[in-house]
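Residue indices begin at 1 and follow the sequence shown. One-based numbering, in listed order, for ligands and for the atoms of each. Side chains included, hydrogens not; waters and symmetry mates left out as well; all remaining heavy atoms used.
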Amino acid sequence: MVAVASAVKHAVRAEDVNLYYGTKQALKGINFAAPARQVTAMIGPSGCGKSSFLRCLNRMNDRIPGAKVTGKFDVAGMDPYAKNADLMRLRRAVGMLFQKPNPFPSSVFENIALAPSLHYGIKGSTLEGMVEETLKRAALWDEVKDHLRRSALELSGGQQQRLCLARMLAVEPEILLMDEPCSALDPISTGKIEDLISELSKDYTVLIVTHNLQQAHRVSSQLAFFMLGELVEMGDTEAVFESAQSEVTRDYLNGRFG
Ligand SMILES: Nc1ncnc2c1ncn2[C@@H]1O[C@H](COP(=O)(O)OP(=O)(O)OP(=O)(O)O)[C@@H](O)[C@H]1O
Ligand SMILES: [Mg+2]
């Protein structure tokens with residue numbers, strides 16, 4: 001594996017991570033590090049463990065009966081698996097965006113306002129200002145400013161995905177996990193999300209799983225290639241695309257399998 005320079009500040013570190021679903025081992029000895037305020041793309045054939053690995057970082061595998069995780073983690077300065085781990089704090093610091101947008105079945109406004117009003121007690125004009133600011137950061141404000149009280153489910157898929165992104169930003173996370181966030185979107189909506197990812201990486205650490213190699217190339221500065229539950233190679237995106245160390249990585253990038 002290609003090591004990442006140790007002087008870099010990492011927002012995510014994982015050492016010797018193993019994940020089992022019952023007796024089946026889905027992740028094998030993963031050593032992974034994602035630099036802070038950069039975009040790290042995760043690629044690899046279907047079933048290689050990309051989603052499983054993302055879920056390890058905010059303990060979403062807890063919800064899967066029989067799932068067992070071992071290894072050392074540092075995620076936004078926290079150990080998600082520590083005995084006294086604060087799961088609320090972890091899930092606020094580590095947001096997640098899925099393949100299929102999943103807005104709450106309530107208004108556009110409530111989708112953004114719910115968590116800040118519940119967790120931080122923000123109300124009234126402060127809350128309104130915060131909703132506006134957050135929707136602007138997700139490049140959605142102009143499209144929804146006249147329909148804030150309409151159901152989020154009336155938005156297009158691309159708009160719903162940006163709304164989910166805004167909802168995630170509203171709790172001031174540090175790390176944004178995205179699992180194939182554009183796979184259900186048309187090219188224009190995909191372009192908008194990609195532009196947003198680049199913009200957001202000035203302030204947030206982004207980990208994105210994608211099957212689209214061009215997308216990985218466009219948006220990321222670090223690239224991690226997974227195969228059969230192993231992290232085969234990780235390094236500078238440009239360098240991996242130009243001259244991957246491992247032959248399997250080269251074959252995958254050249255479309256020879258997967
Ligand atoms: N809830 C689960 N229970 C049991 N096995 C699972 C579960 N989720 C995933 N797996 C298995 O773990 C392995 C890795 O799956 P995972 O979904 O992490 O792959 P992936 O790289 O995200 O694939 P894709 O690109 O298709 O999304 C696969 O063999 C899969 O069958
Ligand atoms: Mg997946």
Protein heavy-atom partner closest to atom 22 (O) of ligand 1 - residue, atom, separation in Å: S51 OG, 2.8 Å
Check whether L185 and F98 end up in the same hydrophobic cluster, where Ile, Leu, Val, Met, Phe, Trp and Tyr are linked by side-chain heavy atoms less than 4.5 Å apart. no
In a table with atom names and distances, give each donor-acceptor pair under 3.5 Å that connects a side chain of residues 189-196 to protein atoms at least two apart or in another chain.
{"residue": "S189", "atom": "OG", "partner": "D186", "partner atom": "OD2", "Å": "2.9"}
{"residue": "T190", "atom": "OG1", "partner": "D186", "partner atom": "O", "Å": "2.9"}
{"residue": "E194", "atom": "OE1", "partner": "R218", "partner atom": "NE", "Å": "2.6"}
{"residue": "E194", "atom": "OE1", "partner": "R218", "partner atom": "NH2", "Å": "3.4"}
{"residue": "E194", "atom": "OE2", "partner": "Q215", "partner atom": "NE2", "Å": "2.8"}
{"residue": "E194", "atom": "OE2", "partner": "R218", "partner atom": "NH2", "Å": "2.8"}

May I ask you to check whether G49 has an N/O atom sitting below 3.5 Å from an N/O atom of ligand 1? yes
For a 4.5 angstrom cut-off between non-hydrogen side-chain atoms, does L253 reach F225? no
Nitrogen or oxygen of C48 less than 3.5 angstrom from that of ligand 1: yes
Give the atom numbers and elements of ligand 1 that come within less than 4.0 Å of a heavy atom of I64. 1 (N)
In terms of atom number and element, which parts of ligand 1 are under 4.0 angstrom from non-hydrogen atoms of H211? 24 (P), 25 (O)
Identify whether NZ of Lys or CZ of Arg in R149 sits under 6.0 Å from the centre of the six-membered ring of F109 and within 45° of that ring's axis. yes
Protein contact to atom 26 (O) of ligand 1 [nearest heavy atom, distance to 0.1 Å]: S46 OG, 2.5 Å
Hey, are the side chains of P80 and L57 touching, using non-hydrogen atoms and a 4.5 Å cut-off? no
Honestly, for A26 the part within reach of ligand 1 (heavy atoms, under 4.0 Å) is side chain
Test log, rule salt bridge (charged side-chain N to carboxylate O under 4.0 Å, His left out), inputs R162 and E143: CA-CA 11 Å; R162 277 177 285 143; E143 289 158 68; 2.9 Å; yes
Is the ring pair F32/F226 parallel, tilted or perpendicular, if the boundaries are 30 and 60 degrees? tilted
Do me a favour and list the nearest non-hydrogen protein atom to atom 21 (O) of ligand 1 with residue, atom name and distance? K50 NZ, 2.8 Å
NZ/NE/NH1/NH2 to OD/OE distance under 4.0 Å, R13 and D74: no
Please examine the side chains of Q222 and V39, heavy atoms only from C-beta on, and report whether any two atoms are closer than 4.5 Å. no
Those atoms of ligand 1 less than 4.0 Å from some heavy atom in Y21: 2 (C), 3 (N), 4 (C), 5 (N), 6 (C), 7 (C), 8 (N), 9 (C), 10 (N), 11 (C), 12 (O)
Ligand-side contact atoms (ligand 1) for residue partner S52, heavy atom cut-off under 4.0 Å: 14 (C), 15 (O), 16 (P), 18 (O)
Heavy-atom contact under 4.0 Å between G47 and ligand 1? yes
Could you check whether atom CD1 of I188 has more than 12 heavy atoms from other residues, nucleotides or ligands sitting under 6.0 Å from it? no
Name the closest protein heavy atom to atom 31 (O) of ligand 1, giving the residue it belongs to and the distance to 0.1 Å. K24 CE, 4.3 Å
Tell me the contacting part of M42 for ligand 1: side chain, backbone, both, or neither, using a 4.0 Å heavy-atom threshold, strictly below. neither
Are V69 and D62 close enough that some pair of their side-chain heavy atoms sits under 4.5 Å apart? no
If you take the nearest heavy atom of each of R55, M227, E180, which one is closest to atom 27 (O) of ligand 1? E180
Taking 2.8 Å as the limit, list every protein N, O or S atom around the Mg ion (ligand 2), by chain and residue number. S51 OG
If you define the side chain from C-beta out and look only at heavy atoms, does anything of L135 sit under 4.5 Å from I112? yes
If we only count heavy atoms from C-beta on, is the H211 to I43 side-chain gap below 4.5 Å? no
